[in-house]
Amino acid sequence: MPVQDWQSDAEATIDAHLRAVAGRDLDTLAATVHPDVTVIIPSGRILRGAEEVVAFHREWFTDGDWTYATEPVLATTTATTATRVLAVTVVGEPGAEPSRFLMGLTFVAEAGRWLLIHDQCTIGRPA
């Protein structure tokens, strides 16, 4: 797969990744994922490796009429690592009760590209 212009920039890659989820763009999502990625979804299920993560998203992208929105909470970028914490709101279908959680993303710079290596979603509990 050829490297896209946005893949050499951390912020552009993270933006492309988030737009790919919201827009159900499986090809772009797959281009942002490290082969050894780990994703922990809100239920606590652990997805390991790009193949499993892409397969999960392939199924999710065809499931219903959901919407997905993010708001930045924290951001840190170094020469080799970019982390983001985002507040996420997913609405399963029009009029449904929103699901809200925090998502921590870690991207690594590797061979001139930025790739998602870890994604962890955490559902907040009332104090």
Side-chain angles (χ1 to χ4, degrees):
M1 176 181 322
V3 175
Q4 303 295 317
D5 289 340
W6 51 261
Q7 289 178 304
S8 63
D9 178 82
E11 196 63 37
T13 300
I14 294 165
D15 288 345
H17 177 82
L18 295 171
R19 279 192 317 274
V21 175
R24 304 175 196 221
D25 178 352
L26 194 62
D27 291 337
T28 299
L29 177 101
T32 66
V33 175
H34 191 282
D36 298 322
V37 66
T38 300
V39 174
I40 304 171
I41 62 175
S43 69
R45 177 178 165 200
I46 299 173
L47 309 174
R48 293 179 180 92
E51 187 175 313
E52 185 176 5
V53 168
V54 170
F56 170 85
H57 283 84
R58 179 181 297 112
E59 182 177 328
W60 183 38
F61 286 0
T62 61
D63 183 28
D65 192 22
W66 52 265
T67 60
Y68 176 92
T70 62
E71 292 183 35
V73 176
L74 298 169
T76 304
T77 303
T78 70
T80 58
T81 306
T83 61
R84 299 295 184 270
V85 176
L86 303 143
V88 178
T89 302
V90 177
V91 179
E93 59 188 43
E97 186 71 25
S99 172
R100 292 184 175 89
F101 55 90
L102 289 176
M103 178 173 64
L105 302 176
T106 303
F107 285 77
V108 292
E110 189 171 284
R113 303 170 51 178
W114 286 88
L115 297 168
L116 177 70
I117 191 76
H118 186 77
D119 173 339
Q120 181 160 350
C121 299
T122 303
I123 298 173
R125 304 281 185 238

J.: Indicate, with yes or no, if Ile40 and Ile123 share a hydrophobic cluster defined by side-chain heavy-atom contacts under 4.5 Å among Ile, Leu, Val, Met, Phe, Trp and Tyr.
T.: no
J.: Could you walk me through whether Asp119 and Val37 pass side chain to side chain contact (heavy atoms under 4.5 Å, CB included), step by step?
T.: CA-CA 8 Å; Asp119 173 339; Val37 66; 5.6 Å; no
J.: Shortest non-hydrogen contact from Val91 to Ala96?
T.: CG1-O, 3.6 Å
J.: Quick one: does any side-chain atom of Arg113 pair with a main-chain N or O of Ala31 as donor and acceptor, under 3.5 Å?
T.: yes
J.: Closest approach of Leu86 and Pro72, non-hydrogen atoms and distance?
T.: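 It is CD2-CA, 3.8 Å.
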J.: State plainly whether one hydrophobic cluster holds both Phe101 and Leu116, where clusters connect Ile, Leu, Val, Met, Phe, Trp and Tyr through side-chain heavy atoms under 4.5 angstrom apart.
T.: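 Hydrophobic grouping puts Phe101 with Leu116.
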J.: What's the separation between atom CZ in Arg84 and atom CG in Leu18, rounded to the nearest 0.5 Å?
T.: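 Answer rounded to 0.5 Å: 9.5 Å.
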J.: Side-chain heavy atoms nearer than 4.5 Å, only ILVMFWY residues, links allowed to pass through others: does that put Tyr68 and Phe56 together?
T.: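 The answer is yes; both residues are in one hydrophobic cluster.
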J.: Which distance, rounded to the nearest 0.5 Å, do you find between the OG1 of Thr13 and the CG of Leu105?
T.: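 Going from OG1 on Thr13 over to CG on Leu105, the span is 12.0 Å.
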J.: State the OG1-CD1 distance between Thr83 and Ile14, to the nearest 0.5 angstrom.
T.: 8.0 Å
J.: Here's a test for you: under ring-ring contact (aromatic ring centres under 6.0 Å, His included), which of His118, His34, His17 qualifies with Phe107?
T.: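 When ring-ring contact (aromatic ring centres under 6.0 Å, His included) is applied between Phe107 and each of His118, His34, His17, only His17 qualifies.
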J.: Say you draw a straight line from CG of Asp25 to CZ of Arg19; how long is it, rounded to the nearest 0.5 Å?
T.: 9.5 Å
J.: Check whether Arg48 reaches the backbone of Asp36 with its side chain - one donor and one acceptor, N or O, closer than 3.5 Å.
T.: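 Here the side-chain-to-backbone pair does not exist.
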J.: Say you draw a straight line from CG of Leu26 to CH2 of Trp60; how long is it, rounded to the nearest 0.5 Å?
T.: 12.0 Å
J.: May I ask whether Val90 and Leu47 are part of the same hydrophobic cluster, defined by side-chain heavy atoms of I, L, V, M, F, W, Y residues being less than 4.5 angstrom apart, directly or through others?
T.: yes
J.: Please find the pair of heavy atoms, one from Ala20 and one from Leu29, that lie closest to each other, and give the distance.
T.: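 Of all heavy-atom pairs spanning Ala20 and Leu29, the closest is CB-N, 3.6 Å.
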J.: So does Glu51 have more than 12 non-hydrogen atoms from other groups sitting under 6.0 Å from CD?
T.: no
J.: Would you say Val39 ends up clustered with Val33 if hydrophobic residues are merged whenever their side chains have heavy atoms under 4.5 Å apart, either directly or through other cluster members?
T.: yes
J.: What pair of heavy atoms forms the shortest contact from Ala79 to Ala109, and how long is it?
T.: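 Ala79 and Ala109 have their closest heavy atoms at O-CB, 3.9 Å.
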J.: So, for Ala87 and Val73, which heavy atoms are closest and what is the spacing to 0.1 Å?
T.: N-CG2, 3.6 Å
J.: Of the non-hydrogen atoms in Ala30 and Val54, which two are nearest, and what is the gap between them?
T.: CB-CG2, 3.9 Å
J.: Say you draw a straight line from CD1 of Ile117 to OG1 of Thr106; how long is it, rounded to the nearest 0.5 Å?
T.: 9.0 Å
J.: In terms of relative ring orientation, are Phe61 and Trp66 parallel, tilted or perpendicular, with 30° and 60° separating the classes?
T.: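 Answer is tilted, since the angle falls between 30° and 60°.
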